[in-house]
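Below, each value reflects all heavy atoms present in this structure, side chains not excepted, and no hydrogens, waters or symmetry copies. In listed order, ligands and their atoms are each counted from 1. If you're wondering where the values come from, they're calculated on a predicted model, not measured in any experiment.
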Amino acid sequence: MKVLMDSENPNNRSWYALDVLVEAPASEAIEYGLMEANALGTETIEDGTKVTVRGYFERPPEIQSVRAGLLDALRIYSVQPSVLFELKMAVVADRDWLAEWKKSWQPVQVGRFVVAPPWVSEPGADRGPRAGSPRGVVDATGSSGSLDSLDPVAIARGSDTVIIRINPGMAFGTGTHETTRLCLKAIEKHYRGGSFLDVGTGTGILAIAAAGMCRTPDHQGDYPFIVACDVDPDAVAIAKENAELNGVAERIDFRVGSVDDRTESADLVCANLTAPVIVELLPALIGATCGRLILSGILESQIDMVKARLGELGIIEFEIVRDGEWIAITA
Ligand code: SAH
């Protein structure tokens with residue numbers, strides 16, 4: 001283990017770095033797991049089909065407990081534990097890792113949404129030529145870009161781009177995971193401004209997306225009723241902070257908990273959970289839906305189980321959308 005002594009740092013602080021080598025599709029799960037293990041930040045270095053996710057810690061992490069936490073994170077993300085290759089303490093050159101870490105988070109575009117970390121500045125700096133879609137923003141699979149170069153003219157002329165500010169690494173839902181992207185696309189397609197219920201809000205990304213699509217009140221001065229719930233109180237606190245970052249905190253009713261038969265119904269209900277949880281909650285989710293229901297977090301191999309439960313509950317017509325091995329159902 002190597003203690004990082006930052007001679008430039010007036011507080012003379014030490015940093016500890018832990019490198020986790022995994023298969024590339026597991027990187028978001030590992031970033032999440034490291035943050036849950038109290039990392040101050042993570043950095044992901046790609047190397048072909050494998051990636052190294054580096055977590056920075058203030059104190060030496062307990063490797064065995066970090067490993068257990070990472071396995072939990074892989075379970076939450078429905079990723080096989082075999083993707084985890086090795087954990088090792090790293091030697092890191094003296095540098096401003098926080099600045100480096102921030103640079104590694106790029107805005108992600110999903111349909112009309114752009115998910116960006118708070119430190120990337122608003123569009124307006126670059127007066128480049130017009131473009132059909134925001135430039136400098138990458139698709140979720142891309143690797144470079146900055147909102148600094150988002151076409152300011154496109155925004156000014158009423159582009160429907162919705163920017164979602166999310167502080168990455170604190171809870172699930174930074175826009176890069178397939179299950180979140182499927183939900184954002186379904187929200188773009190089906191949400192028309194009625195009441196909205198986000199079950200398992202994580203970072204709050206989906207509720208913030210819905211609020212961002214309704215920036216102006218109706219003729220009575222009201223905004224749509226948006227509820228976001230999560231069984232994890234930490235996620236709810238983070239989601240609130242993110243909603244504040246987006247200036248929509250007053251418009252979202254955040255709750256610690258889940259759906260049940262007393263939940264007031266909403267025009268659009270979005271549940272990005274896991275297939276077993278969806279199957280268990282399905283009667284309550286259907287009961288809470290008076291318009292459409294979006295179900296995400298379902299692996300290809302789990303689709304039959306969800307379809308069977310939908311059938312038992314009388315729902316036989318639905319739309320299926322895929323992204324990699326992930327599936328979302330809109331009923
Ligand atoms: N909505 C975000 C986050 C999805 S991750 C996105 O689309 O990216 C799933 C979240 O659901 C986690 O934050 C987890 O704590 C929460 N969760 C798990 N089981 C739940 C349940 N039964 N009811 C409500 N939330 C639940």
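- Contact annotation: C270 has no heavy atom less than 4.0 Å from any atom of ligand 1.
- When each atom of ligand 1 is checked for a heavy atom of I205 under 4.0 Å away, the hits are 6 (C), 8 (O).
- The closest donor-acceptor contact from the side chain of N242 to the backbone of N167 lies under 3.5 Å.
- In this view, R322 and E300 satisfy the salt bridge (Lys or Arg N to Asp or Glu O under 4.0 Å) rule, not counting sequence neighbours.
- Listed by atom number, the atoms of ligand 1 under 4.0 Å from L281 heavy atoms are 22 (N).
- Applying the 4.0 Å criterion to heavy atoms of N272 picks out, from ligand 1, the atoms 4 (C), 5 (S), 6 (C), 7 (O), 8 (O), 9 (C).
- For ligand 1, the polar-atom distance check against G200 finds a nitrogen or oxygen pair separated by under 3.5 Å.
- Using cut-offs of 30° and 60° for the angle between ring planes, the H177 and W326 rings count as perpendicular.
- Interface atoms of ligand 1 facing S258, defined by a heavy-atom separation under 4.0 Å, are 21 (C), 22 (N), 23 (N), 24 (C).
- For E62, the side-chain contact (heavy atoms from CB on, under 4.5 Å) test picks out Q64, S65, with sequence neighbours left out.
- Shown here is E86, whose CD atom has more than 12 heavy atoms of other residues, nucleotides or ligands within 6.0 Å.
- Contacts between V259 and ligand 1, counted as non-hydrogen atom pairs separated by less than 4.0 Å, are absent for every part of the residue.
- Under a hydrophobic clustering in which Ile, Leu, Val, Met, Phe, Trp and Tyr are joined whenever their side-chain heavy atoms come within less than 4.5 Å, directly or via other members, I163 and Y223 fall into different clusters.
- Residue nearest to atom 19 (N) of ligand 1, selected from L182, V231, D234, T201: V231 (by heavy-atom distance).
- A donor-acceptor pair is defined here as one N or O able to donate and one able to accept, closer than 3.5 Å; no such pair exists between the side chain of R181 and the backbone of D323.
- Below 4.0 Å from some heavy atom of G202 lie the following atoms of ligand 1, by number and element: 3 (C), 13 (O).
- For ligand 1 and V277, the ligand atoms under 4.0 Å from any heavy atom of the residue are 22 (N).
- Hydrophobic clustering places L197 together with L282 (ILVMFWY residues linked when any side-chain heavy atoms are closer than 4.5 Å, directly or through intermediates).
- Below 4.0 Å from some heavy atom of D232 lie the following atoms of ligand 1, by number and element: 15 (O).
- Atoms of ligand 1 found under 4.0 Å from any heavy atom of G257, numbered from 1 in the order shown, are 24 (C).
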